[in-house]
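Count residues from 1 along the sequence. Atom set for the values below is all heavy atoms of this structure, side chains included, hydrogens, waters and symmetry mates excluded.
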Amino acid sequence: MCLCCTVEVKVELSLLEKEKEVDGLSPNGKASPFADCRPNGALGHGSDDDSTPLPPYHKPRDYVEASVCHVKDLENGQMREVDLGSGRALLIKEHGEFSAMGHKCPHYGAPLVKGVLSKGHVRCPWHGACFNIATGDIEDFPGLDSLPTFQVRVEKDKVIIRANKQALQSQKRSKPMARCSAVINSSTGFSHVLIIGSGPAGLVCAETLRQEGFTDRIVMCTMDRHPPYDRPKLSKSLDSTAEQLRLRSMDFLQEHDIELLTEKEAVAIDVKTRSVTFEDGLRMEYRKLFIATGSKPKPMNYKGKDVRNVFHLRTPEDANSIARLANNKNAVIVGTSFVGMEVAAALTDKAHSVSIIGIESVPFKKALGEKVGKAIMKSFVFPVTQLKEVVLKSGKVLRADVCVIGAGSVPATGFLKQSGLHMDSKGFITVNKMMQTNVDGVFAGGDVVMFPFPPRNNKKVNIPHWQMAHVHGECKNKDLNQEVNLNWIVFLSICQGYGDGFDDVIIQGDLDELRFVAFYTRSEEVVAVASMNYDPIVSRVAEVLGSGKTIKKRDVE
């Protein structure tokens with residue numbers, strides 16, 4: 001997730017800009033945790049043997065072939081973006097072998113040449129998505145799509161790439177999926193797998209089941225009126241439509257036999273009869289249930305709840321209304337959450353004035369520390385100054401033509417109170433490593449769960465993050481009971497130390513220039529990192545921690 005201000009702001013994992021390169025040693029003479037991963041750099045030298053040829057293509061007119069460089073132009077461990085005339089590709093050399101694939105991350109289009117190449121995969125510099133260089137398959141989230149791969153051969157010391165023209169243009173592909181083998185009437189009130197929620201957890205669950213060969217019925221229900229869309233973008237791009245934000249179209253879902261029921265709000269679950277009842281009276285039975293309802297805005301008590309120009313940002317329609325009503329008007333943001341601050345940033349060039357109301361004197365003080373919070377706050381330049389005004393407890397009056405409430409969220413699990421599912425005092429569902437609840441056949445994932453996290457000795461944590469929701473949905477088993485890989489590195493949430501806190505902050509770079517990296521330490525270990533404009537440092541940390549290594553305070557200092 002990015003926090004976009006007047007300049008691009010990211011709150012992510014990061015690492016030292018310059019690692020110690022002499023023999024891979026840290027200043028204390030011990031092996032550096034950074035030694036094996038370098039951004040677009042050499043990892044040593046290997047042979048220059050030709051890569052294994054791929055099978056010939058059947059329609060030559062659909063392909064383009066070009067000589068892109070000399071065989072010695074790339075060292076081992078290097079990447080280069082090359083032009084084939086009909087499009088661009090990412091050329092990679094590792095262990096003396098060349099490979100080529102799409103050059104843009106399918107998630108948000110980041111240039112992968114600026115990412116990190118390590119041990120057979122490339123990690124995106126922006127949000128950490130990871131792709132296998134041999135197959136192009138996505139190995140780490142966020143994102144739904146994989147990359148196309150292209151044939152590479154060496155002739156007379158020239159590196160030649162042969163690529164499908166359509167793949168060069170699309171720069172992404174979906175993994176093969178099975179179809180539903182049963183003949184099912186859409187009005188049948190039974191689904192082998194019923195998914196409540198159409199966010200990343202629910203969508204990845206449905207797609208992974210099909211990728212793993214699941215051929216029974218899958219039904220996904222959502223309160224939204226739209227097919228799955230990228231909700232985090234709402235606060236960054238207020239003018240975007242649901243179609244512009246969509247993750248999958250209805251045609252895509254229908255093609256892969258993933259049934260989507262929109263505007264369906266679950267109100268009760270009966271675990272004895274294995275059924276879910278919806279607000280409109282629909283009752284659906286299931287064999288396996290996956291709950292991924294996400295979060296909802298934290299309730300607030302205030303006068304004027306029903307006026308039209310007060311919004312909790314939840315839908316594309318909310319975002320569009322905020323942008324329209326704030327145009328050259330006075331906007332008030334209640335809350336210094338990521339959503340609130342991102343909306344404030346998005347309105348700086350639209351509204352006449354933007355006022356932010358928060359309990360903390362500095363935004364993100366608890367999560368990121370006072371120094372980083374102040375640096376982020378400096379990047380906001382605000383004039384100071386149906387709903388006409390907001391009255392603070394102090395008596396101060398703020399003019400308001402539009403008001404956005406971003407005061408945090410709570411899990412959307414109220415409908416489960418009488419279900420028998422184990423939930424904590426805050427309403428989070430507790431699950432095991434397989435994302436299974438205490439009830440047989442019922443699973444949950446995403447923002448609504450407390451799950452055992454291996455990097456913190458399997459302590460139960462809640463990580464409300466877009467990337468982690470993808471991970472929770474990756475049920476690589478037809479019966480939804482295979483252990484989920486919870487060791488994935490989570491970019492935004494590691495800034496919070498997984499709830500364990502930090503006792504010191506080490507900052508490198510320039511806070512005033514908004515180009516810095518902050519290392520949050522507890523005792524002698526780095527437990528969290530935040531960065532702005534320091535790519536691909538973020539991806540390098542993901543490689544270090546993903547390999548099971550730790551980063552010590554001395555490595556930073």
Can a donor-acceptor pair be found, under 3.5 Å and without considering hydrogens, that links the side chain of [X] to the backbone of [Y]?
X      : Y      : result
Thr293 : Ala412 : yes
Gln436 : Lys433 : no
Arg123 : Gly128 : yes
Asn320 : Ser240 : yes
Thr188 : Phe190 : no
Glu474 : Asp140 : no
Gln171 : His103 : yes

Least distance between heavy atoms, [X] atom then [Y] atom:
X      : Y      : result
Ser198 : Met220 : CA-SD, 3.9 Å
Ser191 : Val219 : OG-N, 3.3 Å
Phe415 : Ile196 : CE1-CD1, 4.4 Å
Gln254 : Arg179 : O-NH2, 4.0 Å
Val431 : Lys460 : O-CE, 3.3 Å
Ile218 : Ala206 : CD1-O, 3.9 Å

Does the ring of [Y] carry [X] above it, NZ/CZ under 6.0 angstrom from centre and within 45° of its axis?
X      : Y      : result
Lys233 : Tyr108 : yes
Arg210 : Phe214 : no
Arg162 : Tyr63  : yes

Can you name the side-chain contact (heavy atoms from CB on, under 4.5 Å) partners of [X], sequence neighbours left out?
X      : result
Arg225 : Glu263, Glu317
Ala469 : Pro200, Ala201
Asp83  : Arg88

Using a strict 4.0 Å threshold on nitrogen-to-oxygen distance, state whether [X] and [Y] make a salt bridge.
X      : Y      : result
Arg248 : Glu207 : yes
Arg173 : Asp137 : yes
Asp224 : Arg231 : yes

Item to check | Residue list, salt bridge (Lys or Arg N to Asp or Glu O under 4.0 Å) with Asp318, at least two apart or on another chain | outcome: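 Asp318: no salt bridge (Lys or Arg N to Asp or Glu O under 4.0 Å) contacts found.
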
Checklist entry - Among all residues two or more places apart in sequence or in another chain, which pass the salt bridge (Lys or Arg N to Asp or Glu O under 4.0 Å) test with Arg274? => result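 In terms of salt bridge (Lys or Arg N to Asp or Glu O under 4.0 Å), with neighbours along the sequence ignored, Arg274 is linked to Asp440.
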
Checklist entry - What about the rings of His192 and Tyr286, do their centers lie closer together than 6.0 Å? => result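 No, the ring centres sit 6.0 Å or more apart.
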
Does the side chain of [X] reach to within under 4.5 Å of the side chain of [Y], using non-hydrogen atoms?
X      : Y      : value
Val449 : Met423 : no
Asp280 : Lys264 : yes
Phe311 : Pro297 : no
His107 : His127 : yes
Phe451 : His472 : yes
Cys205 : Phe443 : no
Leu117 : Ile92  : yes
Phe98  : Leu91  : yes

Are more than 12 heavy atoms, taken from residues, nucleotides or ligands other than [X], located less than 6.0 Å from that residue's [atom1] atom?
X      : atom1 : value
Gln244 : CD    : yes
Met223 : CE    : no
Lys104 : NZ    : no

Item to check | Sequence neighbours excluded - ring-ring contact (aromatic ring centres under 6.0 Å, His included) pairs with any residue from residues 257-283 | outcome: none

Next on the checklist: For the CD1 atom of Ile133 and the CG atom of Leu147, what is their distance to the nearest 0.5 Å?
Outcome noted: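 The CG atom of Leu147 is 12.0 Å from CD1 of Ile133, to the nearest 0.5 Å.
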
Checklist entry - What's the verdict on side-chain contact (heavy atoms from CB on, under 4.5 Å) for Leu282 and Thr277, showing C-alpha distance, side-chain angles and the deciding distance? => result CA-CA 6 Å; Leu282 174 68; Thr277 301; over 6 Å; no

Checklist entry - Does a donor on one side chain sit under 3.5 Å from an acceptor on the other, for Ser275 and Asp270? => result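 On atom types as modelled, these side chains do not qualify, holding no pair under 3.5 Å.
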
